[in-house]
Amino acid sequence: MSRPGARDLIATVLDPGSWLSWDEPPADRAEPGSAYAADLAAARARTGYDESVVTGEGLLDGRRVAVVACEFSFLAGSIGVAAAERLVRAVERATAEHLPLLAAPASGGTRMQEGALAFTQMVKITAAVGAHRAAGLPYVVYLRHPTTGGVFASWGSLGHVTAAEPGALIGFLGPRVFEALYGHSFPRGVQVSENLFAHGLVDAVVSAEDAREIAIRALSVLCAPRRGLERGPEPEESADDVPAWEAVSRSRRDDRPGVRSLLKLGATGVTPLHGTGTGEDDPGLLLALARFGAAPAVVLGQDRRRQRAGNALGPAGLRVARRGMRLASELGLPLVTVIDTAGAALSRAAEEGGLAAEIARCLADLVMLDAPTVCLLLGEGAGGAALALLPADRVVCAQHAWLSPLPPEGASAILYRTVDFASEIAAAQGVRAADLRRDGIVDRVVPERPDAAYEPEEFCARVARTLEYEIIGLLDRDPAERLAARFARYRSLGS
């Protein structure tokens with residue numbers, strides 16, 4: 001398979017003619033006349049590169065970005081002191097100039113000819129990337145074939161958004177080293193980008209051409225303005241009540257639009273993210289970047305259809321949600337949570353995986369989050385899985401959505417040892433949108449005319465306008481005042 005080198009990749013991803021190198025001649029550490037000096041000279045003559053990394057800036061769909069990229073043909077893309085210094089200076093410049101940073105590693109790791117000193121360069125590269133992220137600036141990574149060793153275990157694994165080249169070898173210990181150390185081959189199919197995607201370690205597996213489009217979409221959200229956004233007219237609200245059991249029944253319709261319909265019909269710049277980044281994924285929890293009108297957001301939503309298809313929301317899904325919360329906090333992006341679940345997984349695996357603890361951690365992280373937060377009750381809202389995504393600055397509810405400690409059938413079974421009283425229980429528990437608004441749990445009810453299933457496009461557009469309105473209102477508030485109001489809101493529930 002033909003794979004682009006660093007310069008070809010840069011030419012593919014950036015706008016034509018926009019590349020400007022930041023590189024200065026490297027300060028070699030090789031002793032004159034040494035075998036290492038000869039290796040460096042040969043690599044320069046063969047490849048046309050002066051080191052294993054190139055750095056600079058360019059335009060991505062007209063947006064100024066910084067880029068750091070490895071060239072594997074130069075001593076296997078290995079990182080020594082000179083390459084690390086070049087990388088760090090570029091990252092620091094990107095931070096100082098408030099530029100989003102795109103990284104494209106392709107490396108065997110540490111340059112063995114420079115030993116321990118080269119090995120410890122990964123610390124200073126990681127520190128520079130950490131400072132860039134701490135400044136609230138986006139860091140987008142494209143892992144290329146191959147990326148292994150210290151590069152993968154440092155700046156290759158720190159992206160806010162991470163994509164990988166198809167079929168790329170990506171892993172901690174290179175297979176040749178593994179075989180030499182242990183006397184047998186590393187299992188096939190493990191250290192490949194597609195397997196990393198399957199385990200929630202990368203967000204996408206795409207070609208260089210598609211990586212450009214992903215980066216454009218992601219940065220349209222990550223770099224979107226947060227101030228001075230025009231807030232439209234206050235959204236219309238629903239004044240019509242329906243019986244509680246009717247609302248529950250309507251929320252369970254197979255054709256009712258869910259979170260994926262909302263993003264498809266009501267949002268732009270949608271960039272799906274995948275998994276926890278730590279080896280887990282849960283199809284029942286969707287994580288994405290998106291814009292509702294002018295308002296950017298990290299979106300984490302329960303996917304009711306996938307939960308019904310045998311993917312009940314488990315602890316891994318809540319860890320995916322917490323990844324989204326951290327992303328919103330670090331980048332100062334508004335967070336939108338979408339509740340639509342019949343309840344969390346009830347299984348041995350869920351219990352042993354820490355389901356209850358993850359619900360508690362989601363609650364704690366969300367209620368303490370320093371980013372603006374909006375919760376959307378979109379449909380079913382049963383149990384702790386729903387509660388975990390609830391405590392936001394503003395809570396919006398679809399007219400036929402509901403919230404309950406258990407599905408009404410479960411509550412009936414507890415109280416009466418039969419599910420036959422589910423409708424009466426639903427009415428008594430105050431689970432409807434109108435009841436939730438009366439009790440101060442919900443701030444705004446979005447109309448369904450007469451049911452979201454009958455008007456999916458209009459309904460999703462209505463919800464999107466409401467989310468935009470609420471997000472812009474929160475962005476205009478003082479952060480400390482907003483957080484204090486959130487604490488006061490939940491402290492006063494039931495008072």
Side-chain angles (χ1 to χ4, degrees), residues 231-253 255-259 261-263 265-267 292-293 295 297 299 301-302 304 334-342 372-382 386-387 389-405 407-408 423 426-474 485-486 489-490 492-494:
R231 197 181 192 195
E234 185 166 351
E236 181 185 353
E237 289 201 62
S238 171
D240 297 329
D241 296 339
V242 298
W245 188 246
E246 182 178 342
V248 171
S249 299
R250 291 189 181 195
S251 76
R252 292 173 170 173
R253 289 179 57 128
D255 55 352
R256 183 178 177 84
V259 62
S261 297
L262 173 63
L263 292 179
L265 300 173
F292 297 102
V299 180
Q302 294 161 344
R304 177 170 48 93
L335 178 73
V336 172
T337 67
V338 181
I339 295 174
D340 195 3
T341 180
T373 54
V374 179
C375 171
L376 168 64
L377 268 164
L378 186 59
E380 297 181 273
L387 187 68
L389 303 189
L390 178 72
D393 296 311
R394 297 285 290 177
V395 179
V396 174
C397 187
Q399 183 179 347
H400 300 137
W402 53 276
L403 181 71
S404 174
S423 61
Q429 286 190 323
V431 305
R432 299 176 307 165
D435 302 324
L436 298 172
R437 174 139 197 205
R438 177 201 63 211
D439 292 337
I441 298 168
V442 159
D443 299 297
R444 190 180 298 279
V445 178
V446 180
E448 302 184 35
R449 299 188 176 123
D451 188 301
Y454 300 151
E455 47 143 18
E457 292 189 25
E458 296 84 352
F459 172 73
C460 289
R462 200 176 303 130
V463 170
R465 287 194 298 271
T466 302
L467 292 174
E468 179 188 28
Y469 180 86
E470 297 291 359
I471 291 169
I472 292 175
L474 292 171
R486 188 193 304 160
R489 171 201 184 107
Y490 291 101
S492 64
L493 280 179

Using side-chain contact (heavy atoms from CB on, under 4.5 Å), reason through L403 and V442 one step at a time and then give a plain yes or no. CA-CA 10 Å; L403 181 71; V442 159; over 6 Å; no
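- Annotation: salt bridge (Lys or Arg N to Asp or Glu O under 4.0 Å) contacts of D340 (sequence neighbours excluded): R304.
- To the nearest 0.5 Å, the span separating CG on L474 from OG1 on T373 amounts to 7.0 Å.
- Residues P257 and C460 form a side-chain contact, since some pair of their non-hydrogen atoms from C-beta on lies under 4.5 Å apart.
- Not counting sequence neighbours, E457 has no partner by the salt bridge (Lys or Arg N to Asp or Glu O under 4.0 Å) test.
- Considering only heavy atoms from C-beta on, P405 comes within 4.5 Å of Q429 through its side chain.
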Evaluate the criterion side-chain contact (heavy atoms from CB on, under 4.5 Å) for residue pair L467 and V374; output intermediate values, then yes/no. CA-CA 7 Å; L467 292 174; V374 179; 3.8 Å; yes
Decide side-chain contact (heavy atoms from CB on, under 4.5 Å) for I339 and Q302; before the verdict, give the C-alpha distance in whole Å, the side-chain angles of both, and the deciding distance to 0.1 Å. CA-CA 6 Å; I339 295 174; Q302 294 161 344; 3.7 Å; yes
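- Scanning all heavy atoms of the two residues, the minimum distance from F459 to P447 falls at CD1-O, 3.8 Å.
- The nearest pair of heavy atoms linking S404 to V431 is CB-CG1, 3.7 Å.
- Residues satisfying the side chain to side chain donor-acceptor pair (under 3.5 Å) test with T466, not counting sequence neighbours, are none.
- Shown here are the side chain to side chain donor-acceptor pair (under 3.5 Å) partners of R250, two or more places apart in sequence or in another chain: E246, H400.
- Residues forming a side-chain contact (heavy atoms from CB on, under 4.5 Å) with A382 (at least two apart in sequence, or on another chain): W402, P407.
- Rounded to the nearest 0.5 Å, atoms CZ (R489) and CG (D443) are 4.0 Å apart.
- Taking the side-chain contact (heavy atoms from CB on, under 4.5 Å) definition, one finds that L387 meets it with L363, L390, sequence neighbours left out.
- For A433, the side-chain contact (heavy atoms from CB on, under 4.5 Å) partners two or more places apart in sequence, or in a different chain, are C397, V445.
- Taking the side chain as every heavy atom from C-beta outward, L436 and L377 approach each other to under 4.5 Å.
- To the nearest 0.5 Å, atom CG of residue L378 and atom OG1 of residue T341 are 12.0 Å apart.
- Every salt bridge (Lys or Arg N to Asp or Glu O under 4.0 Å) that R256 has, sequence neighbours left out, goes to E448.
- Partners of R252 by salt bridge (Lys or Arg N to Asp or Glu O under 4.0 Å), not counting sequence neighbours, listed by chain and number: E380, E409.
- Not counting sequence neighbours, the partners of E455 by the side chain to side chain donor-acceptor pair (under 3.5 Å) test are R462.
- Considering every non-hydrogen atom in both S251 and V248, the closest pair reads OG-O, 2.7 Å.
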Residue pair F292, V299: steps toward the side-chain contact (heavy atoms from CB on, under 4.5 Å) verdict: CA-CA 10 Å; F292 297 102; V299 180; 3.8 Å; yes
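- Rounded to the nearest 0.5 angstrom, C375 SG and I441 CD1 are separated by 11.0 Å.
- For R253, the side chain to side chain donor-acceptor pair (under 3.5 Å) partners two or more places apart in sequence, or in a different chain, are D255, Y454.
- Between the R444 side chain and the E237 main chain, no donor and acceptor come within less than 3.5 Å of each other.
- The CZ atom of R437 lies 11.5 Å from the CG atom of D241; values are rounded to the nearest 0.5 Å.
- Under the rule for a side-chain contact (heavy atoms from CB on, under 4.5 Å), the partners of A295 that lie at least two apart in sequence or sit in another chain are E468, I471, I472.
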